[in-house]
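A short write-up of the structure that comes next.
Residue numbers begin at 1 in each chain, while the letters A, B, ... track the order of the sequences.
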Amino acid sequence: MKAAAFDYVRPDSLRETLELLEQHGDDAKLIAGGQSLVPMMAMRLTRPALLIDINRLAELKNLKRSAGSILMGAGTRQRSVEDDTALHAQLPLVKCALAWVGHAQTRNRGTVGGSLVHADPSAELPLAALILDARLHLKSKAKGERELPVSEFFLGPMFSDTGATECLTAIEWPVWERQGTGAAFDEVAIRHGDFALASAAAQVQVDAQGVCLRANVGAGGVDGVPRAFPAIAERLVGQRLDNDDLLRSVAVDATATCEPGNDPHASAEYRRHLATVLMERVLRQAAWAAAASFEGSK
Amino acid sequence: MSKIKLTSIAIKVNGVVREAQVEPRTTLVDFLRDTLFLTGTHIGCEHGVCGACSVLVDGDPVRSCCMFAVQADGLSVTTVEGLAPERGKLSAIQDAFCEKHAMQCGYCTPGMLIACHALVERNPHPDEAAIREAISGNLCRCTGYQQIVDAVKHATGAKSGAHD
Amino acid sequence: MTEPRKFRYIGRHRRAVEHRRFVVGKGRYAADIQLQGLLHVAIVASPHAHAKIISIDTAAALAMPGVHAVLTGEELNVNTEAMLPGVDAPQVKRYPLAHGVARYSGEWVVAIVAESRALAEDAAELVEVEYEPLPHIVDPEQALQADAPLVHAANGSNVIFQRVFNWGEVDAHFAAAPHKLSYRARWARSSTVPIETFAVSAWSNDATGILDVWASIQMPKFPDQLARALRMPGNAVRVHFDVDVGGSYGVKRGLKHAVLVGYLARKTGRPVRFIEDRLENMRGGDMQGPDRIFDVTLAFDGRGIIRSMRMRAVDDVGAYAGRSPLQLGKPVGAIIGPYRIASVQYEAISVMTNKTPQEAVRGFGQAPTNYAIETGIDKVARYLNMDRIELRLRNLIGKDEFPYLIPSGTTYDSGDYATVLGKALDAAPLAEIEKERDALRARGQLAGIGISTCLEPSGGNSAFEPLFNPKNQTTTWMDSCLIRIDLNESITALMGTSTSGQAHETLVSTVVGEVLDREPDSIRVLHADSLNALPSNSPVGSRMAIMLGGAAAGAAKKLRAKLMRIAAHNLGLPESELVYQDGNIAAKTEPAKRLTWGQLVEIAHRKIHQMPKGDEPGLQEKFVLEVPTGGKLPTADGRVQMYPCHSFETHLVLASLDPQTCKVTVHRYVCGHDCGVMISPDVVHGMTYGGIAHGLGAALMEKFAFSDDGQLLSGTFMDYLLPSSMEVPSISIVDHCTPSPLTEFGQKGSGEAGYLGGPAAIASAINDALAPVGASIDALPMTPYALWHALARAEKNSS
């Protein structure tokens with residue numbers, strides 16, 4: 001299990017990175033954390049001729065906090081997000097999601113942007129980004145900067161809308177008002193830290209009376225891409241969330257649109273069932289967390 | 001097959017800068033083992049699951065099978081051979097591993113020690129849940145983890161499990 | 001029952017000798033051996049479950065710079081001997097590389113030798129093999145059908161071994177029993193999967209004619225078999241047993257790996273190394289475990305007394321067989337478990353399929369059989385609406401019934417099963433666990449308590465060889481130790497096998513220290529190489545505490561006796577007047593009249609004039625220990641003493657599953673364990689914890705799954721799931737000691753502890769959890785998906 005031979009370059013700037021991508025196109029591959037890429041190279045499932053190492057580009061590690069959003073460099077390590085308690089308050093769902101991501105060793109290397117570009121349908125961060133409707137900033141030498149909502153980014157299993165000459169530079173995370181907001185992430189994996197058989201995430205905002213102002217819910221591992229269901233979740237707005245039937249109906253209707261696959265660990269039918277169960281649970285847990293946010297401020 | 005291309009690197013390994021020429025495709029673990037003959041770091045899966053190859057890179061535990069040696073150029077790497085405070089001595093964690101029989105075949109042990117050192121660095125008094133989380137990325141087939149958990153508790157002054 | 005003896009070093013906490021090197025990264029594993037000029041091997045494997053090999057084009061690979069050799073089965077097979085199956089099936093020929101036909105996906109077809117492993121892999125991609133797919137068979141029951149495709153056409157059948165044994169009055173007992181209950185239990189193909197894959201290096205010295213081999217092995221008679229396969233004299237193959245083996249628990253056999261590498265080393269004249277990568281290890285490493293279907297009927301009365309059992313076991317051994325069919329033989333020695341079952345009919349069927357071959361796994365087939373028996377015990381309790389513990393107590397062999405002869409011919413040495421069970425229940429304590437279970441149920445979880453009472457036969461004899469192969473008349477399975485005391489007064493002991501985590505250096509030094517009354521930490525224990533070693537059958541079959549410990553004690557006792565003779569001779573007193581303490585020998589009545597350890601050693605090494613007549617100079621003694629109770633061939637009806645000693649374990653488990661996701665959580669785990677006298681309690685506990693974790697994997701997570709096409713679907717660590725620290729619960733072990741009357745110190749084996757009763761207990765807990773909703777499951781692994789299926793089936797049946 002040794003990778004096929006390749007050339008390696010570690011550019012000093014994003015500009016240089018983009019020039020290299022322009023020059024080598026499909027033959028080149030960016031390496032960030034490498035936690036998925038290196039095993040794939042070792043198994044020779046992928047064999048770039050040129051590996052462009054962007055781990056040390058400071059430009060990809062910036063964190064800009066503004067009123068309604070956080071602009072996070074794509075090269076930000078998962079571990080540094082995990083350690084940033086201030087960030088947790090602003091992005092509670094990201095915090096919840098990270099608790100399920102791999103292990104200390106992988107989070108120390110793995111980057112937020114890398115996880116999104118890799119587009120594993122069971123991965124946690126892509127699902128969290130979808131629920132929050134994050135915006136992605138991509139750059140290439142020829143076309144300059146491009147922004148798109150993450151909902152348009154995932155195209156299929158391990159397949160994202162990243163052009164051969166493009167680099168994901170930043171993720172713009174919308175920040176919800178702290179008071180009244182609650183998030184939850186849950187998944188079923190046979191072993192801790194593995195990619196889930198199915199996962200679910202939700203973030204909701206309620207008013208002091210417990211009436212829903214805003215909500216989104218989604219599931220991972222149950223389709224070729226992670227799925228969010230903003231339109232179905234919209235039904236929750238204006239409703240109190242302590243209504244199990246309502247939450248269940250949202251989960252059931254959301255799952256109905258998923259097309260999970262079969263493998264030895266789980267059939268499509270079981271995955272569908274899990275998605276329903278987990279989405280109902282995360283909605284309930286998010287609602288509890290939202291309600292609790294008022295208690296905390298009293 | 002074109003001619004093998006080599007890249008010059010310098011990595012500070014266990015406090016000493018080691019310079020070498022490597023093929024870019026050489027993983028950090030292969031470099032440590034085959035070039036520096038630091039065979040304490042082991043290979044278990046080469047696909048980022050078992051944790052046997054764990055080392056500290058700039059103080060943080062990472063899997064050295066999921067990183068190419070060229071990527072560590074200019075960085076500081078600590079392997080199991082570098083955990084002891086000095087030659088002939090053991091760290092508190094190493095000592096506790098011996099005392100609590102926290103290993104059998106010893107193959108996962110270097111990776112486990114790396115994970116435990118990193119844990120204690122961040123959290124000097126971890127509870128059992130924190131210990132289990134910290135070693136969850138390191139598979140052991142001999143111990144059932146129990147005596148490893150006991151060893152970390154022992155080293156950090158927490159109350160240990162059965163058979164004390 | 002004798003009380004356990006008092007010891008100075010045995011049974012005490014002592015740091016294992018081996019740990020010191022492991023924690024500083026100075027272990028020396030096979031992959032750490034760095035030979036000058038080392039070449040590396042990569043493999044081209046068959047992508048087909050069954051295919052004719054039409055042609056192999058190696059030209060492009062050979063032409064690549066850095067490539068030294070490309071080997072196919074065509075060359076290798078005419079120059080080596082086939083590896084033998086453990087049963088009488090001479091047409092099931094097995095070589096390291098396929099020739100003519102490839103019989104499973106992952107089977108090795110071509111080996112490439114190059115300057116680096118990466119280059120060898122590059123060259124492997126250039127080899128072109130043309131295959132013609134043949135009909136294949138992956139289902140073991142279909143493989144038994146007359147019209148099934150044949151894995152080995154020359155064998156004429158896919159069945160490599162089949163025999164029906166009748167021990168006792170089975171028909172009469174069945175006819176007389178008021179109740180019969182039949183069930184099927186399925187043990188999935190899993191294995192021990194050590195974190196170290198198999199590694200082997202070899203170097204052939206043309207001048208001496210010796211082939212040196214360093215391999216991560218745990219295998220009886222490995223050097224002899226390797227020499228035979230390579231057509232070399234036994235004294236030309238030197239296997240170095242001083243490599244640390246990174247876990248094995250049975251599977252590290254690697255004969256085909258070593259034959260290939262040995263051949264390549266001789267062919268190239270260079271040191272050659274092959275380290276399986278994880279993909280090769282899982283697919284073509286030939287280390288998958290038993291894969292069994294049990295069909296069992298129990299005959300019992302209304303009080304739950306089980307009189308007789310009929311068991312049919314079909315084991316899928318994969319495409320080739322070494323010792324794997326014998327894994328149906330070992331359980332013959334504990335076929336009634338710890339119960340007073342008076343008669344047994346046992347049909348053992350080993351069948352070949354187009355899957356990766358099976359290898360020995362921890363317990364050598366006993367864990368699946370224990371699981372099958374325990375499944376039945378729980379079912380009888382449920383059928384009679386009787387408490388499972390009470391049912392066991394009614395059937396367990398009583399402590400006063402030992403030695404106990406079982407229907408299949410083995411005599412159990414000793415035990416006190418009910419007391420161990422009681423101690424575990426008290427320690428839990430059961431009432432508290434029941435309260436916890438009820439609390440979980442009140443929270444909507446499906447919670448259950450699991451129980452198992454199982455045996456671990458130990459002392460590793462090989463009586464299943466003649467039992468399953470009348471042409472094999474092996475009746476001994478000895479082990480040995482050589483001890484020297486040097487002129488500088490230190491003790492060195494030599495063992496003749498490698499160690500894969502069992503702390504043999506600690507075992508031997510503790511035992512020798514005990515007998516010679518010397519500080520164990522001052523005693524050096526070395527692993528000889530095979531040309532310097534006394535005979536050993538390696539640490540298989542839970543045997544080393546008994547066999548190596550016994551041999552070490554035997555050699556140490558000979559030394560102690562010699563020291564006594566020297567003292568008696570020099571002090572002018574009969575030995576009965578002398579007392580031995582700390583290695584010094586003094587007159588009982590006159591302590592000043594003494595010879596110190598140093599003086600005694602000096603006499604032996606330098607002063608032949610002071611030696612008693614007939615004693616050799618120097619201090620070195622060997623002891624070759626035959627397995628206690630060994631030495632007999634089976635009777636015509638297949639009765640035989642299998643292993644000498646029988647450890648006992650009982651497991652008590654509280655587990656729950658989320659009724660919606662079906663994810664299982666193990667909340668409490670208690671294991672009552674009796675392996676007689678523990679020489680190194682930390683080591684015994686460690687193995688038991690590890691065995692339980694391994695058992696949890698087999699019960700809940702681990703499976704080598706194959707597609708209908710015969711492709712392995714769990715060939716990585718992402719698909720074959722070893723439990724992590726988050727799945728394995730905190731475990732408490734309750735010790736009990738019933739010494740064995742057959743061994744030096746009263747010790748029994750414990751190398752397979754935990755694994756032999758763990759899967760059964762976890763399965764028991766799951767079924768106890770499922771019972772209130774009318775569901776059940778009798779197949780491992782009990783994954784969330786499988787459990788969800790079981791619940792859905794129950795729901796369908798009830799509606």
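- Heavy atoms closer than 4.5 Å to chain C are found nowhere in B/L83, neither backbone nor side chain.
- Neither the backbone nor the side chain of B/I93 comes within contact range of chain C, judged by heavy atoms closer than 4.5 Å.
- Per-residue heavy-atom pair counts under 4.5 Å with chain C were compared for B/H101, B/E46, B/E133, and the maximum is reached by B/H101.
- Comparing C/V193, C/I692, C/L126, C/D277 by heavy-atom pairs within less than 4.5 Å of chain B, the highest count is held by C/V193.
- Side-chain atoms of C/E18 and C/T506 form a donor-acceptor pair, as typed in the model, at a separation below 3.5 Å.
- Side-chain atoms of B/H125 come within 3.5 Å of backbone atoms of B/T156 as a donor-acceptor pair (strictly under, hydrogens ignored).
- Contacts with chain B were tallied for C/Q34, C/M282, C/M718, C/R21; C/Q34 has the most, counting heavy-atom pairs under 4.5 Å.
- Contact of B/N138 with chain C is not made at all, since no heavy-atom distance falls under 4.5 Å.
- Here the side chain of C/E727 pairs a donor or acceptor atom with the backbone of C/S724 at under 3.5 angstrom.
- Heavy-atom proximity under 4.5 angstrom to chain C picks out B/R33, B/D34, B/F37, B/T39 from residues 30-39 of chain B.
- Contact check on B/E128 versus B/K153 returns a salt bridge, with a Lys/Arg side-chain nitrogen under 4.0 Å from an Asp/Glu carboxylate oxygen.
- Going from atom SG of B/C140 over to atom CD of B/Q147 covers 9.5 Å, rounded to the nearest 0.5 Å.
- Using a 4.5 Å cut-off between heavy atoms, C/I195 contacts chain B through both its backbone and its side chain.
- Contact residues of residues 50-76 of chain B toward chain C are B/C50, B/A52 (heavy-atom distance under 4.5 Å).
- Side chain of B/Q104 to backbone of C/G686: a donor-acceptor contact under 3.5 angstrom is found.
- For the side chain to side chain donor-acceptor pair (under 3.5 Å) with C/D735, the lone residue among C/K423, C/H673, C/H685 that qualifies is C/H685.
- Only the side chain of B/Y145 comes within contact range of chain C, with heavy atoms under 4.5 Å apart.
- Under 4.0 Å is where a charged nitrogen must lie from a carboxylate oxygen, and between B/E81 and C/K26 no such pair does.
- Looking at C/V728, the atoms closer than 4.5 Å to chain B (heavy atoms on both sides) sit in the backbone and in the side chain alike.
- Using a 4.5 Å cut-off between heavy atoms, C/M687 touches chain B through backbone and side chain atoms alike.
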- In sequence, state the C-alpha distance, the side-chain angles, and the governing distance for B/H117 and B/Q94, and then conclude on side chain to side chain donor-acceptor pair (under 3.5 Å). CA-CA 9 Å; B/H117 271 255; B/Q94 286 171 315; 5.2 Å; no
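- A distance of 6.0 Å or more separates the ring centres of C/F274 and C/H40.
- Residues C/R362 and C/H694 bring a donor and an acceptor atom of their side chains to less than 3.5 Å of each other.
- Both the backbone and the side chain of C/F717 come within less than 4.5 Å of a heavy atom in chain B.
- At a 4.5 Å heavy-atom cutoff, C/A123 makes no contact with chain B through either its backbone or its side chain.
- Under the 6.0 Å cut-off for aromatic ring centres, B/F97 and C/H19 do not qualify, their centroids lying 6.0 Å or more apart.
- A salt bridge is absent between C/R14 and C/D682; no separation between the charged side-chain nitrogens and carboxylate oxygens falls under 4.0 Å.
- At a 4.5 Å heavy-atom cutoff, the contact between C/T197 and chain B is made by side-chain atoms alone.
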- Task: Could you please spell out the steps behind the side chain to side chain donor-acceptor pair (under 3.5 Å) verdict for C/T499 and C/D244?
- Result: CA-CA 6 Å; C/T499 296; C/D244 294 310; over 6 Å; no
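- Heavy-atom distances place the side chain of B/T109, and not its backbone, under 4.5 Å from chain C.
- Residue C/T192 touches chain B through its backbone alone, counting heavy-atom pairs closer than 4.5 Å.
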- Report the C-alpha separation of C/E702 and C/Y720 in whole Å, then their side-chain angles, then the decisive distance to 0.1 Å, and conclude whether the side chain to side chain donor-acceptor pair (under 3.5 Å) test is met. CA-CA 6 Å; C/E702 298 179 33; C/Y720 186 93; 2.7 Å; yes
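- Heavy-atom pairs under 4.5 Å with chain B peak, among C/A693, C/P681, C/G690, at C/G690.
- Salt bridge C/R15/B/D95: present, at least one basic N to carboxylate O contact under 4.0 Å.
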- Message: Applying side chain to side chain donor-acceptor pair (under 3.5 Å) to C/Q218 and C/S538, what does each step give before you reach the verdict?
- Response: CA-CA 6 Å; C/Q218 178 210 3; C/S538 86; 5.5 Å; no
